[in-house]
Amino acid sequence: MQVAEVERGRAAIAGIAQRRPKALGVALDVRGRDGARLRSGDDPRGAQLEGLAIAVGLDGDRDDAVLLLERALLCDPALDLGGLLAPLWQGQPAPYLVFADAHRALGVLAARGVSAPTRFGCATAASTLLGEGADRRRDHRPIDRSVRELLGRELPDGLLTVSSTSVRLACEAEALLELLRAMTPMLRDRGLARVYSFECSLIPAVVAMEAVGIRVDAPRFERIASGWVRERAELDVDAEVEGVVERAARLDKLISTYRYWARDYVGQDQRMRCRLHPLAADSGRFSCSEPNLQQVPAEHTAPGLRACFVAAPEHKLIIADYAQIELRVAAHLAPCEAMRAVFRAGRDPHRATAANLAGKPEHEIDSHERKLAKAVNFGFLFGMGARRFAQYARDSYGLELDEREAAAAREAFFRTFPGIAAWHRRIGAMSRAGEREDITVVTAMGRRRTFLAGHFSFNTALNIPVQGTAAEGFKIAMLKLEPALAQIGGRGVLVVHDEYIAEVPAAQAERGREIVEQVMIAAMAELVDSVPIVVEAEIADHWG
DNA sequence: TAAGTGCCGGAC
DNA sequence: AAACGTCCGGCACTTA
């Protein structure tokens, strides 16, 4: 990463402009308590701002610059950011202005009462909320399209070139302001003003969670990783022993992905900090990167790894997740009275399907039958076919089915839950219409996903409203948990789709558990009120 | 040599 | 008629 003080930075901008840079990052030179430059893994609290720094260059450099900017915003509440950035974003000589992850900038800056740069946030939020879909490696396309639509012209070459995970924007300041002036009514017209405003209000909680990080037992993490490396070295893949090649492949995956996490991501305070992206995913779920803590292998894949994520001394973790949330949300949205009734009666949906499949009452269902039914419920909910189900049941549940049995299971599922069947038929009709017209599906909060004519996806159209509504309920919970936990000295440390992890003082553990459970239930119930919501929350010393 | 893309496998 | 989805990141390969 190239970092320079202001004057050098400006000179660098002028120089690099002639090379038509892909991006230009604005960062702040931030020093930790020990005076050393703050690195991405470090605790940003208590750090000092030494001066404005500018990072120029191509992709990777820019990411570092933005990371520093974000951390800086967390460090110094009194920071006059508007004043610092003004020469860059209003005046010359900066030919380009970049706000990577502008939506985050919006939330943070708005919370500080900085008005002008906050407008950058609209474009990012809009491109996701407008539901045009994004490829993580080509996510500038929706923005390009929005820009063309709103401005009625192309932007000059080189001004809109982005390629990274969260939606990022590189644009000429004048054109950007013009874009944003047009964007706000567009959000309003499409009924997105509320969800957009909600997403903005969520940002401080997201940023707080990133800043806090999660405590990691780094030596233990390293020992586990070393164990993989040793085991891999001892494997002889040429020996043609059953399963060795597969084991080697799994170990290679673990080693290449996780071996250096402890070294690269654990800060001096022994906490690991990721980046959370509330508006990067079409579904409305969070995505996570650098590192992707939502992808840490579970116990059955890498024993003991999650247990390296621990509570701070004198603290406990509260680990809470929604029980069968996708089934519940689907029962609500479809709507499916049969499935709603199962949940309302406190019955087990897997047992209900098993009963229909085996042709006997629910209380006679054994564990094997229930296991099959679980695969059936999760598999067929979003439109899986019988053939693929047979494979899925084998790979994920160790069940052997032929195609005829898989088809019978599928029929039993739809017989058990006729409302789900009707919902699938309705989306099937959309599929046919989608050949020649654009189709939009929406979530409970009005988040959109549009399929352009000829690009409809049956399965995605089933999935997005369900997954998205669950994500929105989860986000409401996250918003409310921030102040609720603070009252007992606790805080959220990680979110993993339908799982919330908090850290609270040990003496407050039971109180914290109750708070998390109650708030999560109430939040989801705001969007999903036709079935009860169940949260399983436990007190633990470590994750996993 | 860096960037772009397909495939795969980890999570939920 | 049939169709499980949402992500991120590593590796292998092509392209310019």
Side-chain angles (χ1 to χ4, degrees), chain A residues 22 57-61 128 133-140 161-166 246 249-261 264 274-302 305-306 321-327 329-330 375-393 395-396 407 410 413 420 424-425 427-432 434 441 443 447 449 456-471 474 494-500 543-544:
Chain A
K22 291 226 168 173
L58 314 174
D59 289 332
D61 298 344
T128 314
D135 182 311
R136 77 189 144 111
R137 281 149 149 168
R138 281 174 286 184
D139 57 12
H140 55 293
T161 55
V162 214
S163 65
S164 194
T165 49
S166 58
E246 291 75 11
R250 282 167 198 273
L251 286 169
D252 285 342
K253 167 78 172 174
L254 290 171
I255 291 165
S256 65
T257 308
Y258 304 108
R259 185 179 182 187
Y260 296 117
W261 270 29
D264 292 344
C274 65
R275 302 181 65 194
L276 293 166
H277 311 287
L279 279 176
D282 290 351
S283 58
R285 301 220 293 204
F286 280 91
S287 77
C288 177
S289 65
E290 302 166 77
N292 183 359
L293 288 179
Q294 298 184 331
Q295 189 195 23
V296 178
E299 195 62 18
H300 59 88
T301 303
L305 196 66
R306 284 194 171 198
D321 66 297
Y322 287 102
Q324 304 118 2
I325 192 60
E326 289 190 340
L327 284 175
V329 173
V376 167
N377 282 343
F378 290 135
F380 292 128
L381 183 65
F382 296 124
M384 191 183 286
R387 179 173 304 180
R388 184 154 168 202
F389 175 75
Q391 189 188 329
Y392 161 73
D395 296 348
S396 302
R410 190 163 188 271
F413 172 75
I420 300 292
H424 284 208
R425 284 196 296 274
I427 302 296
M430 280 187 190
S431 182
R432 290 183 284 282
V441 295
T443 61
R447 187 181 304 269
R449 174 70 170 88
F456 190 80
S457 161
F458 174 79
N459 309 92
T460 307
L462 288 173
N463 183 271
I464 287 281
V466 174
Q467 201 178 93
T469 298
F474 186 88
L494 188 63
V495 289
V496 191
H497 306 312
D498 61 356
E499 178 178 3
Y500 186 93
W543 194 20

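The sequence lines fix the lettering, A, B, ..., with proteins before strands; numbering per chain opens at 1.
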At under 4.0 Å between heavy atoms, what does A:Phe380 touch on the DNA or RNA strands: base, sugar-phosphate, or nothing? nothing
For atom P, what is the distance between B:dC8 and C:dC4, given to the nearest Å? 16 Å
First locate atom CG of A:Leu251, then atom NZ of A:Lys253, and finally report the distance between them rounded to the nearest 0.5 Å. 13.0 Å
Minimum heavy-atom distance between A:Tyr500 and A:Val495, given as atom pair plus value: CD1-CG1, 3.7 Å
Which parts of residues 291-300 of chain A get close to DNA chain B, meaning a heavy atom less than 4.0 angstrom away? A:Gln294, A:Gln295, A:Val296, A:Pro297, A:Ala298, A:His300
Dump the intermediate steps for side-chain contact (heavy atoms from CB on, under 4.5 Å) on A:Phe474 and A:Val496, then the final yes or no. CA-CA 10 Å; A:Phe474 186 88; A:Val496 191; over 6 Å; no
Nearest-Å distance for atom pair CZ/C1', residues A:Arg432 and C:dA3: 12 Å
To the nearest 0.5 Å, what is the distance between CD on A:Gln294 and OG on A:Ser287? 7.0 Å
Excluding sequence neighbours, so at least two apart, what forms side-chain hydrogen bond (donor to acceptor under 3.5 Å, both in side chains) with A:Glu299? none
Nearest whole Å is fine: how far is C:dC8 C1' from A:Trp261 CH2? 9 Å
For residues 458-470 of chain A, which side-chain N or O atoms pair as donor and acceptor with protein atoms under 3.5 Å away, sequence neighbours left out?
{"unit_1": "A:Asn459", "atom_1": "ND2", "unit_2": "A:Phe382", "atom_2": "O", "d": "3.1"}
{"unit_1": "A:Asn459", "atom_1": "ND2", "unit_2": "A:Gly383", "atom_2": "O", "d": "3.4"}
{"unit_1": "A:Thr460", "atom_1": "OG1", "unit_2": "A:Ser457", "atom_2": "OG", "d": "2.8"}
{"unit_1": "A:Asn463", "atom_1": "OD1", "unit_2": "A:Gln467", "atom_2": "NE2", "d": "3.3"}
{"unit_1": "A:Gln467", "atom_1": "OE1", "unit_2": "A:Ser283", "atom_2": "OG", "d": "3.4"}
{"unit_1": "A:Thr469", "atom_1": "OG1", "unit_2": "A:Ala444", "atom_2": "N", "d": "3.1"}
{"unit_1": "A:Thr469", "atom_1": "OG1", "unit_2": "A:Pro465", "atom_2": "O", "d": "2.6"}

Using centres under 5.5 Å plus planes under 30 degrees as the test, is A:Phe382 stacked with C:dG5? no
Give me the residues of residues 460-471 of chain A where at least one heavy atom lies under 4.0 Å from an atom of DNA chain B, by number, or none. none
Under 4.0 Å, counting only non-hydrogen atoms across every strand here, what does A:Arg425 touch: a base, just sugar-phosphate, or nothing? nothing
Under the ring pair (Phe, Tyr, Trp, His ring centres under 6.0 Å) rule, collect the residues that match up with A:Phe389, sequence neighbours excluded. A:Phe380
With a 3.5 Å cut-off and just heavy-atom distances, do the side chain of A:Arg285 and the base of B:dC12 make a donor-acceptor pair? yes
Contacts of A:Tyr258 meeting ring pair (Phe, Tyr, Trp, His ring centres under 6.0 Å) (sequence neighbours excluded), chain-then-number -> A:Trp261
May I have the distance from A:Leu254 (atom CG) to B:dG9 (atom P), rounded to whole angstrom? 13 Å
Could you say whether A:Phe389 or A:Phe286 is positioned toward the 5' end of DNA chain C, judged by the nucleotide with the nearest heavy atom to each? A:Phe389
Could you tell me the separation between the CG atom of A:Asp395 and the C1' atom of C:dC4, rounded to a whole number of Å? 14 Å
So, is A:Thr301 close to the B:dA11 phosphate, meaning a side-chain N or O under 4.0 Å from OP1 or OP2? yes
Tell me the interatomic distance from A:Arg388, atom CZ, to C:dA1, atom P, rounded to whole angstroms. 22 Å
Determine whether a donor-acceptor pair (one donor, one acceptor, N or O, separation below 3.5 Å) exists between the side chain of A:Lys253 and the base of B:dG9. yes
5' precedence on DNA chain C between A:His497 and A:Ile427 (nearest-nucleotide basis): A:Ile427
Under 6.0 Å from the CZ atom of A:Arg250, do we count more than 12 heavy atoms belonging to anything else shown? no
Euclidean distance, A:Thr443 OG1 relative to A:Arg449 CZ, rounded to 0.5 Å: 13.0 Å
Between atom OH in A:Tyr258 and atom P in C:dG10, what is the gap in whole Å? 9 Å
Looking for any heavy atom pair under 4.0 Å, which part of the strands does A:Ser457 touch: base, sugar-phosphate only, or nothing? nothing
Round to the nearest Å and state the distance from A:Asp264 atom CG to C:dG10 atom P. 10 Å
Strictly below 4.0 Å: does A:Arg387 bring a side-chain N or O up to OP1 or OP2 of C:dA2? no
Separation of C:dC8 C1' from A:Leu494 CG (nearest whole Å): 14 Å
